[in-house]
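First comes the structure, then the notes that go with it.
The figures here come from the full heavy-atom set of this structure, side chains too, leaving out hydrogens, waters and symmetry mates.
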Amino acid sequence: MWDDLEITLQKMPAEKRKQKPAADQLGFGVHFTDYMFFMKWSKEQGWHEARITAHEDFPIGPAAMVFHYGQAIFEGLKAYRGKDGQVFLFRPRDNFERLNAGAVRMCMPRVPVEKMVNVLKSLVYLERDWVPDAEGASLYIRPTMIAAEPALGVRPAGLYYFFIIMSPVGAYYPEGFNPTKIYVSDQYSRAVKGGVGDVKTAGNYAASLHMSQLAKKEGYTQVLWLDACEHRYVEEVGTSNIFFRISDRLVTPPLGGSILGGITRHAVITMARHWGVEVEERPIAIDEVIAANGDGTLQEVFGTGTAAVISPVGELFYKGVSHVVNGGRTGEVAARLYEELQAIQRGYCDDPFKWTVRVG
Ligand SMILES: *Cc1c(COP(=O)(O)O)cnc(C)c1O
């Protein structure tokens, strides 16, 4: 269907290229590479005007439907510099497939997956000098789709923009791989079953900000969300999925519609099972977690997501009480997952699941 989509490269003059930030100045998502990918969709033409072009502002009117009704979806993945200076993407197809699943839910057009994987490979190759080689650093990639039609009726837009921007990011743990302190929210909810919690759509993140701020004010880095109906079952932590190790088994909430199906979550489940660790995808009540911590069967807690890969949890604050997990230390399974997943992502070890895509 999209075989005739032509992609052009609008080369920018060398003098317009940006200075690359120093390795210790990267931060997260504040510096952007020289180029981006951009294309438009309309009912009449489908995807068109596809181009790799300078990363720069584009015109969009104040009536664009994204500003009013929030049709916006995005993805997050990374390019890693690894063995022999080569650059690798991690499961990029899965990101475009997930974007497409979200597009259906949000009444937006789907993108051609294979074509987008190839575009991304070309874009990253073109910008390969932007992939940092410092320990833990990477090139964060943000594919995004927005409704661009200027109209105020509440209905799916007839015009969309899709773009891919890229940002060199520093190590998620500049001070090392240390457990985080988590605030369990029994007041606000992130998503409901039947809603859009399983879609990376902009509004979910806007809705989470207020609770995140409250948690930060209390000295906690992330919010652990419970189910919206009973505030009883664990859902996610911040923008990561969550795992508990209880009596040598990993337990993680099932994908029931309110939770984002993380690619890191899937990778962790697959790797753990491959090692012979039992993994249960089942509803887990916060009371069960607290009780297991009390009787010593809770061995560790960690989050999984593209940004931090694995994020160990050292403390859970719930209903006014602080519960220290595993003595506030990183658990052994979290540490092993972090090491092995990074080794796969950077091409330093075998890739038994065929997850990495080499660029160039
Ligand atoms: C992106 C995201 C995740 C993690 O997904 P990955 O594919 O592993 O990066 C988890 N929860 C939420 C809410 C997210 O937005």
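- The CD1 atom of Ile182 sits 13.5 Å away from atom NE2 of His323, with the distance rounded to the nearest 0.5 Å.
- A donor and an acceptor atom, one from each side chain of Glu315 and Tyr220, are located under 3.5 Å apart.
- Counting heavy atoms from C-beta outward, Leu250 and Glu280 have side chains that stay 4.5 Å or more apart.
- Within 6.0 Å of the NE2 atom in His274, the count of heavy atoms belonging to other residues, nucleotides or ligands does not exceed 12.
- Between Gly76 and Asn95, the shortest heavy-atom contact is O-ND2, 3.2 Å.
- Side-chain contact, Ser189 with His231: a donor N or O sits under 3.5 Å from an acceptor N or O.
- Remark: Glu230 CD is packed, more than 12 non-hydrogen atoms of other residues, nucleotides or ligands lying under 6.0 Å away.
- To the nearest 0.5 angstrom, Met211 atom CE is 14.5 Å from Arg190 atom CZ.
- Crowding of His31 atom NE2: a count of heavy atoms from other residues, nucleotides or ligands under 6.0 Å exceeding 12.
- Heavy-atom minimum distance, Ser122 versus Ile52: CB-CD1, 4.3 Å.
- When every heavy atom of Pro254 is checked against every heavy atom of Ile259, the shortest pair comes out as O-CD1, 3.4 Å.
- By the 6.0 Å contact criterion, CD on Glu15 is enclosed, its count of non-hydrogen atoms from other residues, nucleotides or ligands being greater than 12.
- Linking ILVMFWY residues whenever their side-chain heavy atoms come closer than 4.5 Å, directly or via other members, leaves Tyr188 and Val184 in distinct clusters.
- A cation-pi arrangement is absent between Lys40 and Trp47, since the terminal nitrogen or guanidinium carbon is not both under 6.0 Å from the aromatic centre and inside a 45° cone about the axis.
- Minimum interatomic distance between Leu341 and Met271 (heavy atoms only, all atoms of both residues): CD1-SD, 3.4 Å.
- Using a 4.0 Å cut-off between charged side-chain N and carboxylate O, Asp186 and Lys319 make a salt bridge.
- Side-chain contact, Gln222 with Thr180: no donor N or O sits under 3.5 Å from an acceptor N or O.
- Between the side chains of Gln299 and Asp248, at least one donor-acceptor pair of N or O atoms lies under 3.5 Å.
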N/O donor-acceptor pairs under 3.5 Å from side chains in residues 136-147, not counting sequence neighbours:
from, atom 1, to, atom 2, distance (Å)
Tyr140, OH, Arg142, NH2, 2.9
Arg142, NE, Glu75, O, 2.9

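- With rounding to the nearest 0.5 Å, the separation of OG1 in Thr264 from CD1 in Ile310 is 7.0 Å.
- Phe58 has its ring centre less than 6.0 Å from the ring centre of Tyr161.
- Arg265 has its side chain out of reach of Leu260: every pair of non-hydrogen atoms, C-beta onward, lies at least 4.5 Å apart.
- Residues Leu224 and Val234 are in side-chain contact: their nearest non-hydrogen atoms beyond the backbone lie under 4.5 Å apart.
- Taking all atoms of both residues into account, the shortest heavy-atom contact from Glu56 to Met36 is N-SD, 3.7 Å.
- Contacts of Asp84 classified as salt bridge (Lys or Arg N to Asp or Glu O under 4.0 Å), with partners at least two apart in sequence or in another chain: none.
- Between the side chains of Ser258 and Glu235, at least one donor-acceptor pair of N or O atoms lies under 3.5 Å.
- If you check the side chains of Tyr35 and Gln10, you find no donor sitting under 3.5 Å from an acceptor.
- A donor-acceptor pair shorter than 3.5 Å cannot be found between the side chains of Gln86 and Arg81.
- Linking ILVMFWY side-chain heavy atoms closer than 4.5 Å, directly or via other members, places Leu255 and Ile242 in two distinct hydrophobic clusters.
- Geometrically, Lys83 does not engage Tyr348 in a cation-pi contact, judged by NZ or CZ lying under 6.0 Å from the ring centre and within 45° of the ring axis.
- Considering all non-hydrogen atoms of both residues, Met116 and Phe162 come closest at SD-CE2, 3.7 Å.
- Counting only distance, with no hydrogens or angles, the side chain of Asn100 and the backbone of Val113 share no donor-acceptor pair below 3.5 Å.
- A donor and an acceptor atom, one from each side chain of Trp355 and Asp94, are nowhere located under 3.5 Å apart.
- Of the inter-residue distances, the one linking Asn241 atom CG with Phe302 atom CZ reads 11.0 Å to the nearest 0.5 angstrom.
- To the nearest 0.5 Å, atoms CZ (Phe32) and CE (Met166) are separated by 11.5 Å.
- Ion pairing of Glu288 with Arg282 is present here, as a side-chain N (NZ or NE/NH1/NH2) and a carboxylate O approach within less than 4.0 Å.
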Worked verdict on Arg155 versus Glu149 for salt bridge (Lys or Arg N to Asp or Glu O under 4.0 Å): CA-CA 11 Å; Arg155 57 168 172 81; Glu149 185 190 347; 2.8 Å; yes
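- One finds no salt bridge joining Glu127 and Arg17 here, because no Lys/Arg side-chain nitrogen approaches an Asp/Glu carboxylate oxygen to under 4.0 Å.
- Tyr205 OH: more than 12 foreign heavy atoms inside a 6.0 Å radius.
- Of the possible polar contacts, one joining the Asp227 side chain to the Cys229 backbone as a donor-acceptor pair under 3.5 Å is found.
- Looking only at side-chain heavy atoms (C-beta outward), Gln71 and Cys107 come within less than 4.5 Å of each other.
- Both tests hold for Arg336 against Trp275: distance to the six-membered ring centre under 6.0 Å, angle to the ring axis within 45°.
- Note on residues 209-226: no pairs pass salt bridge (charged side-chain N to carboxylate O under 4.0 Å, His left out), not counting sequence neighbours.
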Arg128 and Val359: side chain to side chain contact (heavy atoms under 4.5 Å, CB included), yes or no, with the steps? CA-CA 9 Å; Arg128 60 194 177 280; Val359 171; 5.9 Å; no
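- Rounding to the nearest 0.5 Å places OH of Tyr160 at 9.5 Å from CD1 of Ile73.
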